[in-house]
Amino acid sequence: MNKSATKNQKNKSRIVLGRDIGVLIAAILIAVFFTIASPVFLTAYNFFNLLRQTAQLGIIAMAMTMLIISGEFDLSVGAIYAVTGVVTGILVKNMGFNIWPAALIGFLTALLLGFVNGTLISTTKINSFIGTLSTQMIFRGIAMVLSQGQPISFLQSSIFFDAFGRAELFGNIPVQIFWLLAWTLISFYLLHRTSFGVKVFATGDNRLAADLSGIKTMSIKKTCFMITSAAAGLSSLISLAFLKTVTPTQGSGLELEAIAAGVIGGTSMSGGVGSILGTFIGTFIMAEVRTGLVLMGTDAYVQDAFVGLVIALAVIINVRFSISKDRT
Amino acid sequence: MNKSATKNQKNKSRIVLGRDIGVLIAAILIAVFFTIASPVFLTAYNFFNLLRQTAQLGIIAMAMTMLIISGEFDLSVGAIYAVTGVVTGILVKNMGFNIWPAALIGFLTALLLGFVNGTLISTTKINSFIGTLSTQMIFRGIAMVLSQGQPISFLQSSIFFDAFGRAELFGNIPVQIFWLLAWTLISFYLLHRTSFGVKVFATGDNRLAADLSGIKTMSIKKTCFMITSAAAGLSSLISLAFLKTVTPTQGSGLELEAIAAGVIGGTSMSGGVGSILGTFIGTFIMAEVRTGLVLMGTDAYVQDAFVGLVIALAVIINVRFSISKDRT
Amino acid sequence: MQSLLSVQNISKHFGNIHALRNVSLDISPKEIIGLAGENGAGKSTLVRIICGALSYDSGEMSYQGKPYKPHDVSNAESLGISVFHQEIPICPHLSIAANVFLGPMIPSQRGRPDWKLMNNRCIELYRKFLDEDIDPTVPIGECSAAEQQLALLVRVLSRNAKLVILDEPTTALSAPEVERLFDSIRRLKDEQGIGFIFVSHLLDELMELSDEIFVLRDGENVGHLYKAEFSAKELSRLIAGRSIDERHRIAKDISDAEIALEAKSISLSKSYEDISFSVHKGEVFGIAGLQGSGRSEVISSLFGLPPPDKGSVVIRGNDFGRITISRAIAAGVGYLPEDRKTKGIFPDLNIAKNIGIVSISQSKDLTGYNEEDYIKVANNMATKLSIKISNPRDYISALSGGNQQKAMLARWLALSPSILVLNEPTRGVDIAAKAEIAKIIFDMAGAGCTIIMASSEMEELLIMCDRILVMNRGRAKIILEKESLTKENLFFYAMS
Amino acid sequence: AQAQKRYKFVVITHATAVPFFVPVRKGAEDAGKLIGADVVYTGPTGFDIQQQVEFVKSAIAQKVDGIAMTMPDANAFNAVVKEAMSKGIPVIAINADAPESGRLAYIGQGNYEAGRSMGMQIVKLLPNGGDVLLTTHTAGAENLEDRIRGIKDVLDAQGGKFKYRVVATGTDMVRAVSLISSALQANPNIKGMFGVEEVTGSAIAQIIERDRLKGKVMAGGFDLVTDELVAIQKGNMQFTIDQQPYLQGFQGVMELYLLKKFNLTPCDINTGIAPVTAENVNEVMKLAAEGYR
Ligand SMILES: Nc1ncnc2c1ncn2[C@@H]1O[C@H](COP(=O)(O)OP(=O)(O)OP(=O)(O)O)[C@@H](O)[C@H]1O
Ligand SMILES: Nc1ncnc2c1ncn2[C@@H]1O[C@H](COP(=O)(O)OP(=O)(O)OP(=O)(O)O)[C@@H](O)[C@H]1O
Ligand SMILES: [Mg+2]
Ligand SMILES: [Mg+2]
């Protein structure tokens, strides 16, 4: 009795925070390290910088986490990010749209591309690696053709740009952080506090069993693809508003970063395991490492190598941590 | 009794060629299409061009196929390709080595990196997507630092360059094609005609079953990682000899192409299924499409999109084909 | 006689679970040792330790008189220890022959696997052990569960081993196959002096085959019976730690109750043809037949897996032309799949979610999920079905097989379905749990739920069902009821 | 006065992995050594505006004494440059300019201009016009698109004498060689092949040499990689366009230093575009080997 009581305590804490506590500790250790290495690291300015970087990637990474939990992933997310921006851009520039409806159409385009991905993967059942690799090339081609390879700048001013990327709340909090937090809350609620969330976990954990329990796993996966593309769309609009420019090549490589952030945060590539908070912290770690290395004045050529090293370490630690927990 | 006998007939034919015949037909259809679209397509010159492209990617793709069959894959292969070239380059350029020992050391470095990958993945059991993504960043960093971001050219002449990339056999057959065929034969033999090959299939098909039957799956996987890195090394030396130049950024994206070529050729991303011939044809299809589109004068912006489309179609057809076979 | 393998005081723990505590066991050549115990007692753990697949904490083993400490599977195999594992580990894309000969040393000639030799040897082995003709080049993934199990049996028997361990080798086999297997085992024992360890939950099988039986409970030795002492009663008392009252179904006459489900001449190509039956409310209806008779295909068709191509299924008056999982669930049908591991449990979800999943799946996506509600349901079901769980927040993999199976039942019972379709409801479940599952089924039926079940264990069907449909080669032979419901009839119609 | 303050300048380019920027880095670091300042060279590995902005923000966080950076987009850097300037950190554009950003000066010559320069070389080589291939390793890469635009504008102005086609090859040189030679096969009338960066430029040099097209097909490239220079020496290739990147890094740091130290207002410097041809290839080669060109 006694034994099992302590075991239960452990289990409870595991479910509430356990899985994420490892990443959280890693994030803190990294912060401590960089604070010692560079006095600038622990300033409000730098902190908001970090969060702003987290915003763009984090929004996508959290959605990608849901998708990975459901048992798929999406390599075309960077291309969707580009298409959203380009569509918005040409509507404004070449067709004289106001930015608001243009952005809305851009966003809907992202949803449509997510729908294409979802339909392709869930109906043909081809592996999402190769399926979304091919749509990545196709979507990127669309962005190229539409923009004719040229960047598009927005010269007008509109409250849109403030609302999505330029305003600073309370004097110095970039508005992106608001979007990041809003998206985090929504995703957290959706994944961890609704029936949909449980269905997502079940689908990725054991698709056959989920089917037999009456879950429409095909439509769950499709929805997750669309949530991911919505995230890419939103993130693209935020970046567009911040930079006031879009390029057809933007967002390349974003997909890998998003997946990496999720995995650092404890998401399992084989589905059924992951958390929004973990991914949030995972994204934050990526931004920390990138920024910290720059602040330390690390050589440009080795920065990526260090990021790779941190990813590997974080994942190894996380795997060790969760293996020893799972199998007790 | 009767029923099962006819079933067996079908099965036998599948083992011999069945799986590859679909891809072969696809390759022929594509060739026919481009021949009609552009008269230049079906010339010896163009054919050798195609095969030369196939050589560089195909050597890597066939090794990657073995690795995928064993249940893992390697995103760092492009970076290994770069490191091999850069190491060889600086040994010759900065340290005055003769090209032969330099190339040997470059090749051994590739093997070493493959060993690192294999050890990382098989001992920590982290997912190979994230594991080799991180080593990709690290290896690429090594190439950047060693070369200081500069391309390295080889000005001397040596029989090495002829042997690996410049000679034309019988007047007009590029020597790469010899390497390609040699590697194909070796890989084919290794995978489809040795006990090692059977173990590779078993490991990827069901690791637990393979373990319980006494196969050392960890070392099988490690060996496959090293074969893949050896292929990257060889391919890198061939390209180095052909171009007489190396750059630290070379080979980026090669990993995805190699995986795509394998999957077009019928390799299953979940392991246990695939063939060397299929991958050979898969690589050839990629080269066909790329070259054909250029010959037809397709717009530069849509070329990749078309390649993506072809990948998607090829994979869908292949999946349908093998599902309908499996389910009888 | 010198003992073949002697296991002394072996202990093993996983985290804070003590899977084995000071377990000892002794086997001589030419001896068949039965190993019994409830789910989670540690039988498979012991097997895996003996064959080198797991390390152990303390204790000693000796093999043929020499100290024995295998460092891996191939080491044990090279010493002549060959194991059939409970999980049926196969490589689905490899051929039967490849699966039979898979190992560190694949028969080869000059480095090349010698397929001709393997194929021929494989055919011979099947003839010798099972008296069957097969095509060894078929990918084993295309074979039925029974065929896969047989292939792995052929594999262990072919290894020229001195000690063969069989961990629940008969769960997918039908009675005649079991008989043939047992004959081969006895022959090998007598002719080649091989020692066997045989693990099973079926007391009849254990008593029939074994010379001695060791019983484990909670990872400890609790009993050791010699042939003369065998009795089902004593054995079940040792296994469960208490006596188990096996209840028979007291057949009720429900012929005038309303019809809950009716199959109207349903067919599925290559599986079964022209099957008709109707099941009354509150009835327990069984479907019997040998492997390959179409039994499990019929029962899974009732849940749309896949739906029949011809004919129709009428559920409580509603004609479902084409029945799908969601339609079936909406009509109040629940389904327990035959393979818990691949089709039932969610290993990374906790027990509460595993039990609540069907009601979650039926709720709208954006409904809030409150874990507490489902914990309550789980605790409720745990009491009702006496599922041994310490905390509904634990992962389901922490439960023993029998308790997992009860949790699978609880998943549907939580919804109070009007019809329950059960495919092999007690496969791999220990006798205590089996009795409890039977009781649950009786209670359900008593409360007006209609039960349709398929099983490969004819005894079980006889004990539990009001009527039994007997199938043979895809066709309905007869529906047995009342007086005709006897073992002899069942066998007669199933095999004729 | 305070004892010798050591200045810290940051040089940020938009793609540090690109060989083009290696002389920029060397120029900047040489300038730093000369004047006794710390120079940090950094930036995203591959082209990514958003990431580049973050690098600038990090520099601001470090309160550096000045930033010299490429601005490969007309508007994207406006906000961050204003922010830096408002915090007293001077910003100078190098290599790629964004006049609206409020940067103090621009040092370099733009890619569009460089493209025009290549266009004029082509017109000189092929006075009668004809079919030409323009090759790029990445369709849509900003700097390359600018160069192509520059070339096209010059060729279009020749009254329809030129027909051109853009071939995109990917960054892999082996494939570039294959694809470009296929494109050449497809159209036997091609009079010239011109690469807008060093990958396809080198590939073109390979093709001319291998297929013995010396003198039959005109060829040109960008940047000063050994392959192209050797090809010019051998007469396989007629020219390559050099944007003198060393100067961009060197002058960028110098102007920041002079501003900080003596309050000298930075001014635009045209680093010029120097086509390298058979006439000057030998000296350029020597300098290139030393990292100055
Ligand atoms: N790899 C493992 N990690 C953690 N616990 C394990 C592991 N393998 C077995 N166990 C636990 O050890 C105990 C004994 O399991 P074992 O599989 O040996 O039981 P068994 O007697 O074979 O049961 P069954 O009749 O269901 O096959 C169980 O509580 C089980 O949950
Ligand atoms: N049981 C089996 N499982 C898997 N593959 C098999 C099996 N039997 C035969 N094969 C495959 O069928 C093919 C023909 O095998 P077989 O040994 O009859 O041919 P062979 O003529 O000896 O071989 P080769 O063509 O190399 O000379 C081989 O590719 C072999 O891999
Ligand atoms: Mg068990
Ligand atoms: Mg067991």
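Note that the structure is a prediction, hence the values are computed from the model and not measured.
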Under 6.0 Å from the six-membered ring centre of A:Tyr301 and within 45° of its axis: does the NZ or CZ of D:Arg25 meet both? yes
For the atom pair CG (D:Asn78) and CZ (A:Arg166), what is the distance rounded to the nearest 0.5 Å? 7.0 Å
Would you check if A:Val40 and D:Lys63 make a side-chain contact, meaning some heavy-atom pair closer than 4.5 Å? no
So with a 6.0 Å cut-off around CD1 of A:Ile159, is the heavy-atom count from everything else above 12? no
Heavy-atom contact with chain D under 4.5 Å, split by part of A:Gln303: side chain
Using distance alone, with no hydrogens and no angle criterion, decide if A:Asp304 and D:Thr45 have a side-chain donor and acceptor under 3.5 Å apart. yes
To the nearest 0.5 Å, atom OG1 of A:Thr245 lies from atom CG of D:Asn75 at 6.0 Å
Nearest 0.5 Å, what's the OG1-CD1 distance between A:Thr249 and D:Ile49? 7.5 Å
Any side-chain heavy-atom pair from D:Phe77 and A:Leu243 closer than 4.5 angstrom? no
How about A:Leu42: does its CG atom have over 12 heavy atoms from other parts shown lying under 6.0 Å from it? no
Just so I understand: if I count every heavy-atom pair under 4.5 Å between each of D:Gly140, D:Ala59, D:Ala141 and chain A, which residue has the most? D:Gly140
Under 4.5 Å, counting heavy-atom pairs only, tell me which of A:Val294, A:Thr247, A:Asp299, A:Asn46 racks up the most with chain D. A:Val294
If you count heavy-atom pairs under 4.5 Å between each of A:Ala143, A:Pro248, A:Pro151, A:Gly297 and chain D, which one has the most? A:Pro151
Find out whether A:Tyr45 and D:Lys57 are in side-chain contact, i.e. whether some heavy atom of one side chain is under 4.5 Å from a heavy atom of the other. yes
Let's test your reading of the structure: which of D:Asp73, D:Val40, D:Asp38, D:Thr42 forms the most heavy-atom pairs below 4.5 Å with chain A? D:Asp73
If you count every heavy atom of other residues, nucleotides or ligands that lies below 6.0 Å from A:Phe306 atom CZ, does the total exceed 12? no
Which region of A:Leu155, side chain (C-beta onward) or backbone (N, CA, C, O), has a non-hydrogen atom less than 4.5 Å from a non-hydrogen atom of chain D, or is it both or neither? side chain
Counting a contact as any heavy-atom pair under 4.5 Å apart, which residues of residues 81-93 of chain D contact chain A? D:Glu83, D:Lys87
Chain A heavy atoms under 4.5 Å from D:Glu142: which part of the residue, side chain, backbone, both or neither? side chain
Enclosure of A:Phe47 CZ (heavy-atom neighbours >12, cutoff 6.0 Å): no
Looking only at heavy atoms, what is the nearest atom pair of D:Ser58 and A:Leu295, with distance? O-CD2, 3.6 Å
Can you tell me which portion of A:Ser153 sits under 4.5 Å from chain D's heavy atoms? Options are side chain, backbone, both or neither. both
Just so I know, are the side chains of A:Gln150 and D:Glu145 near enough to count as touching, which here means a heavy-atom distance under 4.5 Å? yes
Pairing of D:Glu54 and A:Arg290 as salt bridge, 4.0 angstrom limit: no
Which pair of non-hydrogen atoms, one from D:Tyr41 and one from A:Ala300, has the smallest distance, and what is that distance? O-CB, 3.7 Å
Would you compute the distance between atom OG of A:Ser235 and atom CD of D:Gln50 and round it to the nearest 0.5 angstrom? 7.5 Å
